Amino acid sequence: MSMKATALRIEPLADRDFLINFVAKRWWGEAVTIHGSLIRTKDMSALAAYDDQNELYGVATYVRHGAGLIIVTLDSLKEGSGIGSALIDAVAALARGQGFSEIGVVAANDNLEALLFYQKRGFRIVAVWPGAIDAIRMQKPDLPIAGRHGIGMHDIIELRRVLT
Amino acid sequence: VKSSRQPLLSIDVVEHSEIIGQWWRTHWFGPFIMIRGRVFEPEKVKAFAAHNERRDCVGLITWRDDAEDAEIVTLDSAYERIGIGGALLAATIEAARREGRKRLRVVTSNDNMAALAFYQKRGFQICELYRNSIAPVRKLKPAIPLTRNGIPVRDEIELEIML
(Lines give C-alpha, C1' and ligand atoms only; values in the text may rest on other atoms or scores of the structure.)
Protein backbone atom coordinates (compact mmCIF):
# COMPACT_ATOMS: atom_id res chain seq x y z
CA MET A 1 0.00 0.00 0.00
CA SER A 2 2.11 2.88 -1.18
CA MET A 3 -0.81 5.24 -1.64
CA LYS A 4 -1.74 7.51 1.19
CA ALA A 5 -5.40 8.42 1.14
CA THR A 6 -4.63 11.58 3.08
CA ALA A 7 -2.66 12.95 0.13
CA LEU A 8 -5.78 12.98 -2.04
CA ARG A 9 -7.25 16.27 -3.07
CA ILE A 10 -10.79 16.39 -4.44
CA GLU A 11 -11.88 19.42 -6.41
CA PRO A 12 -14.27 20.40 -9.20
CA LEU A 13 -13.08 19.31 -12.62
CA ALA A 14 -13.26 22.42 -14.76
CA ASP A 15 -11.75 21.16 -18.02
CA ARG A 16 -14.90 20.34 -20.02
CA ASP A 17 -13.11 18.95 -23.07
CA PHE A 18 -11.11 16.60 -20.89
CA LEU A 19 -14.26 15.54 -19.05
CA ILE A 20 -16.29 14.82 -22.18
CA ASN A 21 -13.41 12.82 -23.62
CA PHE A 22 -12.83 10.95 -20.35
CA VAL A 23 -16.48 9.96 -19.94
CA ALA A 24 -16.86 9.00 -23.60
CA LYS A 25 -13.81 6.74 -23.38
CA ARG A 26 -14.62 5.06 -20.10
CA TRP A 27 -18.35 4.85 -20.54
CA TRP A 28 -20.56 4.41 -23.54
CA GLY A 29 -20.66 7.88 -24.98
CA GLU A 30 -21.75 11.32 -24.06
CA ALA A 31 -25.24 10.99 -22.67
CA VAL A 32 -27.38 9.06 -20.24
CA THR A 33 -31.08 9.11 -19.53
CA ILE A 34 -32.32 9.76 -16.04
CA HIS A 35 -36.07 9.57 -15.51
CA GLY A 36 -36.48 9.61 -19.25
CA SER A 37 -34.55 12.78 -19.95
CA LEU A 38 -31.32 12.66 -21.87
CA ILE A 39 -28.44 14.23 -19.99
CA ARG A 40 -25.26 15.02 -21.87
CA THR A 41 -21.80 15.04 -20.39
CA LYS A 42 -21.46 18.73 -21.11
CA ASP A 43 -24.35 19.38 -18.72
CA MET A 44 -22.85 17.32 -15.92
CA SER A 45 -20.74 18.62 -13.08
CA ALA A 46 -17.65 16.72 -12.06
CA LEU A 47 -15.28 16.22 -9.16
CA ALA A 48 -11.78 14.90 -9.65
CA ALA A 49 -9.38 13.33 -7.15
CA TYR A 50 -5.65 14.10 -7.45
CA ASP A 51 -2.64 13.15 -5.41
CA ASP A 52 -0.02 15.68 -4.33
CA GLN A 53 1.79 15.22 -7.66
CA ASN A 54 -1.39 16.29 -9.47
CA GLU A 55 -1.89 12.82 -10.85
CA LEU A 56 -5.54 12.04 -11.58
CA TYR A 57 -6.91 9.24 -9.37
CA GLY A 58 -10.60 9.36 -10.07
CA VAL A 59 -13.58 11.25 -11.47
CA ALA A 60 -17.21 11.47 -10.39
CA THR A 61 -19.81 13.19 -12.56
CA TYR A 62 -23.16 14.24 -11.21
CA VAL A 63 -26.26 16.22 -12.08
CA ARG A 64 -28.89 17.90 -10.03
CA HIS A 65 -32.18 16.03 -10.11
CA GLY A 66 -35.26 16.33 -7.95
CA ALA A 67 -34.41 16.43 -4.27
CA GLY A 68 -30.76 15.58 -4.67
CA LEU A 69 -27.67 15.07 -6.74
CA ILE A 70 -27.37 12.00 -8.93
CA ILE A 71 -23.95 10.50 -9.58
CA VAL A 72 -23.83 9.57 -13.26
CA THR A 73 -20.33 8.11 -13.58
CA LEU A 74 -17.72 7.15 -11.02
CA ASP A 75 -14.25 6.09 -12.05
CA SER A 76 -11.43 5.10 -9.80
CA LEU A 77 -8.18 4.88 -11.72
CA LYS A 78 -6.57 2.91 -8.86
CA GLU A 79 -8.90 0.17 -7.71
CA GLY A 80 -9.19 -0.75 -4.09
CA SER A 81 -7.70 2.43 -2.73
CA GLY A 82 -10.85 4.05 -1.45
CA ILE A 83 -11.06 6.70 -4.15
CA GLY A 84 -14.57 5.72 -5.18
CA SER A 85 -15.77 6.06 -1.59
CA ALA A 86 -13.95 9.36 -1.17
CA LEU A 87 -15.59 10.77 -4.32
CA ILE A 88 -19.03 9.59 -3.18
CA ASP A 89 -18.46 11.28 0.17
CA ALA A 90 -17.41 14.47 -1.61
CA VAL A 91 -20.59 14.47 -3.70
CA ALA A 92 -22.59 13.80 -0.53
CA ALA A 93 -20.92 16.76 1.18
CA LEU A 94 -21.75 18.97 -1.80
CA ALA A 95 -25.36 17.82 -1.73
CA ARG A 96 -25.62 18.45 1.99
CA GLY A 97 -24.13 21.90 1.51
CA GLN A 98 -26.83 22.65 -1.04
CA GLY A 99 -29.54 21.52 1.36
CA PHE A 100 -30.34 18.21 -0.32
CA SER A 101 -31.38 15.18 1.70
CA GLU A 102 -30.17 12.42 -0.59
CA ILE A 103 -27.78 11.48 -3.35
CA GLY A 104 -28.53 9.05 -6.12
CA VAL A 105 -26.69 7.04 -8.70
CA VAL A 106 -27.61 5.20 -11.86
CA ALA A 107 -26.05 1.94 -13.04
CA ALA A 108 -26.57 -0.16 -16.13
CA ASN A 109 -28.11 -3.60 -15.59
CA ASP A 110 -24.85 -5.38 -16.47
CA ASN A 111 -22.80 -3.41 -13.95
CA LEU A 112 -23.02 -5.80 -11.01
CA GLU A 113 -19.81 -4.38 -9.54
CA ALA A 114 -21.55 -1.02 -9.21
CA LEU A 115 -24.68 -2.60 -7.70
CA LEU A 116 -22.50 -4.32 -5.12
CA PHE A 117 -20.27 -1.29 -4.51
CA TYR A 118 -23.08 1.21 -3.98
CA GLN A 119 -25.29 -1.10 -1.94
CA LYS A 120 -22.35 -1.78 0.38
CA ARG A 121 -22.02 1.96 0.85
CA GLY A 122 -25.51 2.76 2.02
CA PHE A 123 -27.25 3.15 -1.33
CA ARG A 124 -30.57 1.35 -1.81
CA ILE A 125 -32.16 0.38 -5.10
CA VAL A 126 -35.17 2.66 -5.57
CA ALA A 127 -36.17 2.05 -9.16
CA VAL A 128 -35.47 -0.02 -12.23
CA TRP A 129 -35.98 1.45 -15.67
CA PRO A 130 -36.42 -1.49 -18.04
CA GLY A 131 -35.32 -0.65 -21.57
CA ALA A 132 -33.90 2.76 -20.64
CA ILE A 133 -30.58 2.01 -22.33
CA ASP A 134 -32.35 0.52 -25.33
CA ALA A 135 -34.15 3.86 -25.62
CA ILE A 136 -30.83 5.72 -25.61
CA ARG A 137 -29.59 3.31 -28.25
CA MET A 138 -32.41 4.41 -30.55
CA GLN A 139 -30.83 7.84 -30.55
CA LYS A 140 -27.24 6.60 -30.44
CA PRO A 141 -27.01 3.43 -32.51
CA ASP A 142 -23.26 3.14 -31.83
CA LEU A 143 -24.00 2.32 -28.19
CA PRO A 144 -23.03 -1.35 -27.85
CA ILE A 145 -25.43 -3.98 -26.58
CA ALA A 146 -22.76 -6.30 -25.20
CA GLY A 147 -21.98 -5.40 -21.61
CA ARG A 148 -20.04 -6.91 -18.75
CA HIS A 149 -20.26 -10.60 -17.82
CA GLY A 150 -21.84 -11.49 -21.15
CA ILE A 151 -24.94 -9.50 -20.19
CA GLY A 152 -26.80 -7.31 -22.67
CA MET A 153 -27.09 -3.63 -21.70
CA HIS A 154 -30.75 -2.69 -21.65
CA ASP A 155 -31.84 -1.15 -18.37
CA ILE A 156 -30.93 1.45 -15.81
CA ILE A 157 -31.05 0.79 -12.10
CA GLU A 158 -31.36 3.76 -9.79
CA LEU A 159 -30.03 3.77 -6.23
CA ARG A 160 -30.24 6.39 -3.53
CA ARG A 161 -28.54 7.10 -0.25
CA VAL A 162 -30.29 9.18 2.36
CA LEU A 163 -27.90 11.76 3.80
CA THR A 164 -27.70 11.74 7.56
CA VAL B 1 -14.22 -25.76 -16.50
CA LYS B 2 -12.64 -28.63 -18.37
CA SER B 3 -15.14 -30.87 -20.06
CA SER B 4 -13.69 -33.90 -18.32
CA ARG B 5 -14.89 -32.42 -15.06
CA GLN B 6 -18.41 -31.80 -16.27
CA PRO B 7 -20.57 -34.34 -14.51
CA LEU B 8 -23.06 -36.33 -16.47
CA LEU B 9 -26.32 -34.92 -15.25
CA SER B 10 -29.72 -36.36 -15.59
CA ILE B 11 -32.62 -33.95 -15.25
CA ASP B 12 -35.68 -35.62 -13.84
CA VAL B 13 -39.20 -34.56 -13.00
CA VAL B 14 -39.73 -34.56 -9.23
CA GLU B 15 -42.90 -36.50 -8.50
CA HIS B 16 -43.12 -36.14 -4.74
CA SER B 17 -43.71 -32.83 -3.03
CA GLU B 18 -42.04 -34.13 0.16
CA ILE B 19 -38.72 -33.94 -1.66
CA ILE B 20 -39.39 -30.30 -2.51
CA GLY B 21 -40.43 -29.51 1.06
CA GLN B 22 -37.29 -31.12 2.41
CA TRP B 23 -35.10 -29.23 -0.02
CA TRP B 24 -36.76 -25.93 0.82
CA ARG B 25 -36.27 -26.54 4.55
CA THR B 26 -32.57 -27.04 3.92
CA HIS B 27 -32.03 -24.22 1.43
CA TRP B 28 -34.81 -21.71 1.99
CA PHE B 29 -35.35 -21.47 5.74
CA GLY B 30 -38.67 -23.26 5.73
CA PRO B 31 -41.13 -25.55 3.93
CA PHE B 32 -42.71 -22.80 1.82
CA ILE B 33 -41.61 -19.93 -0.40
CA MET B 34 -42.92 -16.39 -0.44
CA ILE B 35 -42.60 -14.41 -3.64
CA ARG B 36 -44.06 -10.95 -4.16
CA GLY B 37 -46.17 -11.47 -1.07
CA ARG B 38 -47.58 -14.81 -2.23
CA VAL B 39 -46.91 -18.04 -0.40
CA PHE B 40 -46.17 -21.19 -2.37
CA GLU B 41 -46.26 -24.63 -0.87
CA PRO B 42 -44.45 -27.71 -2.24
CA GLU B 43 -47.71 -29.22 -3.54
CA LYS B 44 -48.32 -26.13 -5.68
CA VAL B 45 -45.14 -26.21 -7.73
CA LYS B 46 -43.52 -28.37 -10.38
CA ALA B 47 -39.92 -29.37 -10.07
CA PHE B 48 -36.93 -30.84 -11.84
CA ALA B 49 -34.02 -32.37 -10.00
CA ALA B 50 -30.50 -32.80 -11.32
CA HIS B 51 -28.81 -36.09 -10.46
CA ASN B 52 -25.19 -37.05 -10.97
CA GLU B 53 -23.89 -40.47 -12.05
CA ARG B 54 -24.17 -41.69 -8.48
CA ARG B 55 -27.82 -40.59 -8.40
CA ASP B 56 -27.12 -37.89 -5.80
CA CYS B 57 -29.45 -34.95 -6.12
CA VAL B 58 -27.15 -32.01 -6.97
CA GLY B 59 -29.73 -29.38 -7.86
CA LEU B 60 -33.39 -28.51 -7.85
CA ILE B 61 -35.56 -26.05 -9.74
CA THR B 62 -39.17 -25.42 -8.77
CA TRP B 63 -41.63 -23.52 -10.89
CA ARG B 64 -45.29 -22.86 -11.42
CA ASP B 65 -47.41 -21.64 -14.29
CA ASP B 66 -50.79 -20.29 -15.14
CA ALA B 67 -52.31 -18.49 -18.12
CA GLU B 68 -49.52 -16.83 -20.15
CA ASP B 69 -46.87 -17.00 -17.45
CA ALA B 70 -44.50 -19.45 -15.93
CA GLU B 71 -42.44 -18.52 -12.90
CA ILE B 72 -39.35 -19.97 -11.30
CA VAL B 73 -39.91 -20.31 -7.57
CA THR B 74 -36.48 -21.57 -6.51
CA LEU B 75 -33.27 -22.70 -8.16
CA ASP B 76 -30.35 -24.19 -6.28
CA SER B 77 -27.36 -26.24 -7.20
CA ALA B 78 -24.98 -28.05 -4.91
CA TYR B 79 -21.97 -27.07 -7.03
CA GLU B 80 -21.31 -23.82 -8.88
CA ARG B 81 -20.15 -23.38 -12.45
CA ILE B 82 -20.55 -26.92 -13.69
CA GLY B 83 -23.79 -26.40 -15.54
CA ILE B 84 -26.36 -27.67 -13.05
CA GLY B 85 -28.35 -24.42 -12.90
CA GLY B 86 -28.20 -23.99 -16.67
CA ALA B 87 -29.45 -27.53 -17.28
CA LEU B 88 -32.32 -27.13 -14.81
CA LEU B 89 -33.26 -23.79 -16.34
CA ALA B 90 -33.18 -25.25 -19.86
CA ALA B 91 -35.48 -28.08 -18.80
CA THR B 92 -37.91 -25.60 -17.28
CA ILE B 93 -37.92 -23.32 -20.32
CA GLU B 94 -38.62 -26.31 -22.53
CA ALA B 95 -41.45 -27.53 -20.30
CA ALA B 96 -43.01 -24.06 -20.02
CA ARG B 97 -42.88 -23.68 -23.81
CA ARG B 98 -44.52 -27.04 -24.19
CA GLU B 99 -47.31 -25.86 -21.88
CA GLY B 100 -47.78 -22.87 -24.17
CA ARG B 101 -46.56 -20.26 -21.67
CA LYS B 102 -45.39 -17.01 -23.21
CA ARG B 103 -43.13 -15.69 -20.48
CA LEU B 104 -40.90 -17.04 -17.74
CA ARG B 105 -40.41 -14.86 -14.67
CA VAL B 106 -38.15 -15.10 -11.67
CA VAL B 107 -37.42 -12.93 -8.65
CA THR B 108 -34.18 -12.62 -6.78
CA SER B 109 -33.14 -10.41 -3.89
CA ASN B 110 -31.20 -7.17 -4.17
CA ASP B 111 -28.01 -8.67 -2.71
CA ASN B 112 -27.85 -11.59 -5.11
CA MET B 113 -25.37 -10.56 -7.80
CA ALA B 114 -24.79 -14.21 -8.75
CA ALA B 115 -28.46 -14.63 -9.66
CA LEU B 116 -28.57 -11.30 -11.51
CA ALA B 117 -25.56 -12.46 -13.53
CA PHE B 118 -26.89 -15.98 -14.07
CA TYR B 119 -30.30 -14.98 -15.39
CA GLN B 120 -29.21 -11.92 -17.36
CA LYS B 121 -26.48 -13.92 -19.10
CA ARG B 122 -29.18 -16.30 -20.22
CA GLY B 123 -31.36 -13.62 -21.76
CA PHE B 124 -33.59 -12.65 -18.84
CA GLN B 125 -34.19 -8.93 -18.45
CA ILE B 126 -34.93 -6.95 -15.33
CA CYS B 127 -38.58 -5.91 -15.40
CA GLU B 128 -39.70 -4.90 -11.91
CA LEU B 129 -38.56 -3.90 -8.44
CA TYR B 130 -40.51 -4.74 -5.28
CA ARG B 131 -39.05 -2.47 -2.63
CA ASN B 132 -38.90 -3.71 0.97
CA SER B 133 -40.80 -6.85 0.02
CA ILE B 134 -38.42 -9.11 1.98
CA ALA B 135 -39.55 -7.72 5.35
CA PRO B 136 -42.85 -9.65 5.37
CA VAL B 137 -40.99 -12.80 4.28
CA ARG B 138 -38.58 -12.38 7.19
CA LYS B 139 -41.53 -12.21 9.58
CA LEU B 140 -42.48 -15.71 8.50
CA LYS B 141 -38.87 -16.88 8.23
CA PRO B 142 -36.82 -15.09 10.89
CA ALA B 143 -33.70 -16.99 9.82
CA ILE B 144 -33.40 -14.91 6.65
CA PRO B 145 -30.31 -12.79 7.32
CA LEU B 146 -30.59 -9.02 7.52
CA THR B 147 -27.49 -8.60 5.40
CA ARG B 148 -25.68 -10.78 2.91
CA ASN B 149 -22.47 -9.90 1.09
CA GLY B 150 -22.41 -6.75 3.21
CA ILE B 151 -25.73 -5.62 1.71
CA PRO B 152 -29.08 -5.30 3.49
CA VAL B 153 -31.45 -7.94 2.08
CA ARG B 154 -34.59 -5.90 1.40
CA ASP B 155 -36.00 -5.96 -2.09
CA GLU B 156 -37.09 -8.38 -4.76
CA ILE B 157 -35.93 -7.76 -8.30
CA GLU B 158 -37.95 -9.47 -11.00
CA LEU B 159 -36.58 -10.66 -14.31
CA GLU B 160 -38.39 -12.13 -17.29
CA ILE B 161 -37.70 -13.86 -20.57
CA MET B 162 -40.13 -14.27 -23.42
CA LEU B 163 -40.50 -17.88 -24.45
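Chain letters run A, B, ... following the sequence lines, proteins first, then strands; residues in each count from 1. The structure displayed is predicted, hence computed values, not measured ones.
With respect to chain B, the highest number of heavy-atom pairs below 4.5 Å among A/E113, A/R121, A/H149 belongs to A/H149. In terms of non-hydrogen atom pairs under 4.5 Å with chain A, the most contact-rich of B/G123, B/A117, B/P152 is B/P152.
No path of Ile, Leu, Val, Met, Phe, Trp and Tyr side chains, each step under 4.5 Å between heavy atoms, connects B/I84 with B/W24, placing them in separate hydrophobic clusters. Linking ILVMFWY residues whenever their side-chain heavy atoms come closer than 4.5 Å, directly or via other members, leaves B/F32 and B/V14 in distinct clusters. Linking Ile, Leu, Val, Met, Phe, Trp and Tyr whenever their side-chain heavy atoms come within less than 4.5 Å leaves A/W129 and B/V107 in two separate clusters. In the hydrophobic clustering of ILVMFWY residues, with side-chain heavy atoms under 4.5 Å counting as a link, B/V58 and B/V13 come out together. Hydrophobic clustering of Ile, Leu, Val, Met, Phe, Trp and Tyr side chains at less than 4.5 Å, counting indirect connections, unites B/M113 with B/L75.
Atom CE of A/M138 sits in a sparse spot, with 12 or fewer heavy atoms from other residues, nucleotides or ligands closer than 6.0 Å. Dense packing is recorded around CZ of A/F18, with more than 12 heavy atoms of other residues, nucleotides or ligands lying under 6.0 Å away. By the 6.0 Å contact criterion, CZ on B/R148 is enclosed, its count of non-hydrogen atoms from other residues, nucleotides or ligands being greater than 12. Within 6.0 Å of the NZ atom in B/K141, the count of heavy atoms belonging to other residues, nucleotides or ligands exceeds 12.
To the nearest 0.5 Å, the span separating CG on A/D155 from CG on B/L159 amounts to 8.5 Å. In this structure, A/L116 CG and B/N149 CG are separated by 6.5 Å, a value rounded to the nearest 0.5 Å. Rounding to the nearest 0.5 Å places CD1 of A/I157 at 6.0 Å from CD1 of B/I157. The distance from atom CZ of A/R124 to atom CD1 of B/I151, rounded to the nearest 0.5 Å, is 8.0 Å.
For B/R122, no part sits under 4.5 Å from any heavy atom of chain A, backbone or side chain. Both the backbone and the side chain of B/N110 come within contact range of chain A, judged by heavy atoms closer than 4.5 Å. A/N109 touches chain B through backbone and side chain together, each having a heavy atom under 4.5 Å away. For A/H154, the part lying near chain B is the side chain, with the backbone staying farther off; criterion is any non-hydrogen pair under 4.5 Å.
For the pair A/P130 and B/C127, the tightest heavy-atom approach, listed with the atom from each and the gap, is CG-O, 3.6 Å. Taking each heavy atom of B/L116 and A/L115 in turn, the nearest pair found is CD1-CD1, 3.8 Å.
Between the side chain of B/Q120 and the main chain of A/D110, no donor-acceptor pair closer than 3.5 Å is present.
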Q: Begin with the C-alpha distance, continue with both residues' side-chain angles, and end with the deciding distance and a verdict on side chain to side chain contact (heavy atoms under 4.5 Å, CB included) for A/V126 and B/R131.
A: CA-CA 7 Å; A/V126 294; B/R131 289 186 72 191; 3.5 Å; yes

